[in-house]
Amino acid sequence: MTERVLLKNTANPDFHRIDACLAAEGYQGLTKALRKFSPEEIIQLVTDSKLRGRGGAGFATGLKWSFVPKETERPKYLCCNADEGEPGTFKDREIIEKDPHILIEGMAIAAYALGVETGYIYVRGEFDFGARRLEEAIREAYREGYLGKNIRASGFNFDLHVFRGAGAYICGEETALIESIEGKRGQPRLKPPFPAIEGLYGCPTVVNNVETLACIPHILLRGADWFKGIGPEDSPGTKLYCLSGHVRNPGVYELPMGIALRHLVEKHGGGTHSGKKIKAVIPGGVSAPMLPESDLDIDMDFASLAAAGTMLGSGGVIVMDETTCIVRVAMRTIGFFHHESCGKCTPCRDGLYWASKLLKRLEAGKGKKGDVEELERLCGNIFGNTFCPLGDGAAMALRAAIKHFRDEFVYHVEKGKCMVS
Amino acid sequence: MPKLTIDDSEVEVEPGFTVLQACEQAGIEIPRFCYHERLSIAGNCRMCLVEMKRSPKPVAACAMPAADGMVIRTNTPAVEKTRKAVMEFLLINHPLDCPICDQAGECDLQDQAMAYGLDHGRYRETKRAVKDKNFGPLIKAVMTRCIHCTRCIRFSTEIAGVQELGATGRGENMEVGTYVEKALASELSGNMIDLCPVGALTSAPYAFRARSWELRKTESVDVMDAVGSNIRVDVRGAEVMRILPRLNEDVNEDWISDKSRFACDGLRYQRLDRPYLRDGGKLRPATWDEAFAAVAEKVKATKARGIAAIAGDTADCEAMTALKDLMAALGSPHLDCRQDGAHLDASHRAGYLFNTSIAGIEQADACLLIGTNPRVEAPIVNARLRKRFLAGGFPVALIGKKTDLTFSHKHLGTTPNVLDKVASGAHPFAKVLNKAKRPMLILGMGALARQDGAAILAAARKIAEDSGMVNDGWNGFNVLHTAAARVGGLDLGFLPGKMGGRDVAGILDGAGMGEVEIVYLLAADEIDMDRLGGAFVIYQGHHGDAGAGRADVILPGGAYTEKNATYVNTEGRAQVARLAAYPPGEAREDWKIVRALSAVLGKPLPFDSLQQVRARMAEINANFAHTGVVAAPWGTFGEEGRLDPAPFASRLANFYMTDPISRASPTMAKCTEAFVNPARRRTGTDG
């Protein structure tokens, strides 16, 4: 088993306290950054490390940072996306609750690199405990001089605020998150302009995931080459995988990028808790298309999963054993997206409404001939036509369910009941 | 200039254009619901998706900036499929109730469904329904029909400047509304009816009254204020059913005020449809011959200097020309078109015009408002000021009654003392004006229609001159009129004659003292009728309002929708209102009445056709010979003098009722109750 990086201290129940952090190597990355690096050098370092965003899209972090204009009179902002709303994902919560200082340190380094003086941590509304932990940690960091004015006598100022969301999945989308912080209705914005140019309050803004930012201090301390040495070449580093569903050992696992999915589920997860056969696995949160058992020999990295028609997403691995009704899974999944659709664009708002109603009817045994084809047609009419990726994700998830388990859908239509139970 | 390829043909467009605009330039129509050229881009309806080379997904044409080398396709099977998909989604929750929907026949969704809709529904689930909202007396909401394009939200937030409308709820529960249910307090709210691409927001007063295809449409101009908004009058039979805005970039863009739009139901009530004579203290119906004979008899018995004429706020230029010439023929110098007593100086045209022009506001970089509330007096001008304000770098200050203009401004004070300070350069805002490259000021009737009006006019002129408001190609001095007839009257010289002619105050004083024996009121209703004393009053107009109540003879004329008439707006722009419906009963076009009367009085006027009257107008003032605005040369106007310390008061207490038509309008009465006097206690007799 490889070394734990992000979670190496989470076993220590006191590590949310700054004293415990400082006794280890807490804030040494920040100190090093301020003493030894120019902002440009840090951006270069992160670019060299090939760190890719851990929120789902896997965009190169260094590249994202490089889009922010250097010379601008406007203030710049850094937002941490801690909205963690993807069903099956609970990795950011682990960091927030157990090692909040690594996030604060990562944000401070990023802020220094980007020329940002104000940051926000947008915390999922349900994470009350986590938000309080963060607020406490921020107070400690101010007290110890790692936040605020003239940090470590470097002349660098950085203020950090916790902003609590109100429970909308869409606010995990970066522009909707920005709208929400501005006090507006949580809805995605038009791109372009991209947040790096016009984000929060119309100013250049970077939005990074918790896990992404938590990698930064380690990269600072140990270098880009060390980071690149873990996992595959084009998406290095460790990854927090969230194992849930019909698995014997659910939880958050920190393992290198590119680990085989079967290895993750069977070795680390211990297979299904019932001992029954695995039917399918969702590899990256419910918007990632599911893989049937036969496809589990795949590497958990951005490129491999994309090639298989799915995605690493947030790393939320949901295991389903053979007793699972896929029609019900599809109904619950689309029901979630339908509930969380912000209502802005037509295909997502009305398309998911339609698909959700149809699936409910189908699941209840009232399917009609042609319903499966109708669902496929709906997926085609939603996918690619929506304003933001929410609708696309839903359509992709439903498409995969029908593709791999069409017989179950057809059974529901023809027999009016479930194939597996 | 970006060059892009759209459907195999190359198009060069202005920088900043979107793909949708580029397509339009290339003559390719892109279907859309949420996009509107005057509102911010939302990109939410997804109807305008087109194919773009190198983009894996279709792109929203409305939101994609046109860039050099782009290759766009709008006519592929994939685009067709996308449009059909979006249309089908829109229709699943849209009630298919076109037969009972007022929007039918002029509905974007209906029209585009003809092109992209299926001939049968595939949707077999239950439909969504939304509780209707109460948006007040003007807008009827059927929210189940809403397709969430958010045009109304963007209009109210961006153009009208009232942050009252928004969306609540997510996904299928998303609803457009005010959250706390209330009427929309904006004088521009009716424009949301036009913007709504479906039948979710329709006109409440017009509800179920006519179908769009039954209407005869006449292009005309509005007279509810001095803006001269371009309108379309929709008539069925002899009845004006509704009024809609007509695009004029220089004046009203796409908008009209609620009064311009909704006061038209006042045309159905209180109409003077036949002549009347006062007989034994009571008005009785009479024939035209009897009415003219009564006037002739009185005129014959009166010396020329005992006759006076006042033109009201909606008098047309043709009628004023005829009446002015008749008064001259009779030998009376007593005539005035400034029934509010405003000290407008007609010696220099620049002294009574909105010289900057309404569109010119967008070039200004500082503004001083004096004794005016443009939001009430001219909502369209206020919308233009707001538009300019939103573009940034436009400090605005107000001297006058404190008010909400929908954009932030400095309130400098309420009294002319502050004006004095600005004029002397002692006030900090004088420096703002001095620093500005294109400063402007707007002088309202609240500043001019007072005893010291001439001195205020002079002070405003001084500010204009001292702060460089008048220079080559720029004139920042503006008078904002409130009456559609005023500038026309001033241009025609409907003013006291040189030989001791009396102005309005003089006429009223003279009437009170018995020196003026005949007063001819041409649609003048806003004077104090009690001061007319024992004078013989001829009222020519279209509504049974104050003037008719006091009249001894009533000559029924036509309202603005019932005559071919010229009005000059506050900018000095001569525009033509066209006859959309004939005047009711025996009422006639106004200039013809005066022409007919002149023959009875033995002083026949030398014009028998509209062309001849208009030729006479151009003879009096060359500005009537052309349309558009001509820069007026600067001069010395106003009279320097002491300013009265009394605070400026607004001339219009109630935006919704300012003239005989709007006072007769049941819709305007409802608005008055809802917006102006909401706290009024209702008693059992209120019904």
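- Neither the backbone nor the side chain of A/Ile170 comes within contact range of chain B; no heavy atom of the residue lies under 4.5 Å from a heavy atom of that chain.
- Contacts between A/Leu358 and chain B at a heavy-atom distance below 4.5 Å involve backbone atoms as well as side-chain atoms.
- Of the inter-residue distances, the one linking B/Lys133 atom NZ with B/Glu175 atom CD reads 4.0 Å to the nearest 0.5 angstrom.
- Using a 4.5 Å cut-off between heavy atoms, B/Leu90 touches chain A through backbone and side chain atoms alike.
- Heavy-atom distances place the side chain of A/Tyr353, and not its backbone, under 4.5 Å from chain B.
- Considering all non-hydrogen atoms of both residues, A/Cys79 and A/Ile181 come closest at SG-CD1, 3.9 Å.
- Comparing B/Arg122, B/His148, B/Arg128, B/Lys57 by how many heavy-atom pairs each has under 4.5 Å with chain A, the most go to B/Arg122.
- Of the listed residues B/Asn93, B/Thr82, B/Thr150, the one with more heavy-atom pairs under 4.5 angstrom with chain A than any other is B/Asn93.
- Heavy atoms closer than 4.5 Å to chain B are found nowhere in A/Arg189, neither backbone nor side chain.
- For A/Leu352, no part lies near chain B; criterion is any non-hydrogen pair under 4.5 Å.
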Working for side chain to side chain contact (heavy atoms under 4.5 Å, CB included), residues A/Met331 and A/Leu362
CA-CA 9 Å; A/Met331 180 196 80; A/Leu362 188 61; over 6 Å; no

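- Taking chain A as the reference chain and counting heavy-atom pairs below 4.5 Å, the highest number among B/Met64, B/Met47, B/Arg124, B/Lys84 is found for B/Arg124.
- Proximity to chain B (any heavy atom under 4.5 Å) is shown, for A/Ser356, by neither the backbone nor the side chain.
- A heavy-atom distance below 4.5 Å is found between the side chains of A/Trp354 and B/Glu88.
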Please step through side chain to side chain contact (heavy atoms under 4.5 Å, CB included) for the pair A/Val413 and A/Phe409, ending with a clear verdict.
CA-CA 6 Å; A/Val413 172; A/Phe409 285 84; 5.8 Å; no

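- A ring-centre distance under 6.0 Å is found for A/Phe336 and A/Tyr169.
- Only the side chain of A/Glu374 comes within contact range of chain B, with at least one heavy atom under 4.5 Å from a heavy atom of that chain.
- Listed options B/Pro56, B/Ala60, B/Pro65, B/Ala42 were ranked by heavy-atom pairs under 4.5 angstrom with chain A; first place goes to B/Ala42.
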Audit row: A/Thr175, A/Glu173, side-chain hydrogen bond (donor to acceptor under 3.5 Å, both in side chains) steps and yes/no
CA-CA 6 Å; A/Thr175 57; A/Glu173 196 280 339; 2.5 Å; yes

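- With a threshold of 4.5 angstrom between heavy atoms, B/Thr168 approaches chain A through N, CA, C or O but not through any side-chain atom.
- No side-chain heavy atom of A/Phe59 sits under 4.5 Å from any side-chain heavy atom of A/Arg52.
- The aromatic ring centroids of A/Tyr122 and A/Phe163 lie less than 6.0 Å from each other.
- The shortest heavy-atom contact between A/Gly391 and A/Thr386 is CA-CG2, 3.9 Å.
- With chain B as partner, the option from A/Pro188, A/Gly343, A/Pro192 having the largest number of non-hydrogen pairs under 4.5 angstrom is A/Gly343.
- Of the listed residues (B/Asn44, B/Thr126, B/Asn173, B/Val59), the greatest number of heavy-atom pairs within a distance under 4.5 Å of chain A belongs to B/Asn44.
- With a 4.5 Å cut-off on side-chain heavy atoms, A/Leu375 and A/Asp371 do not count as touching.
- Top candidate by heavy-atom pairs under 4.5 Å with chain A, chosen from B/Ala63, B/Gly169, B/Gly166, is B/Gly169.
- With a threshold of 4.5 angstrom between heavy atoms, B/Ile147 approaches chain A through N, CA, C or O but not through any side-chain atom.
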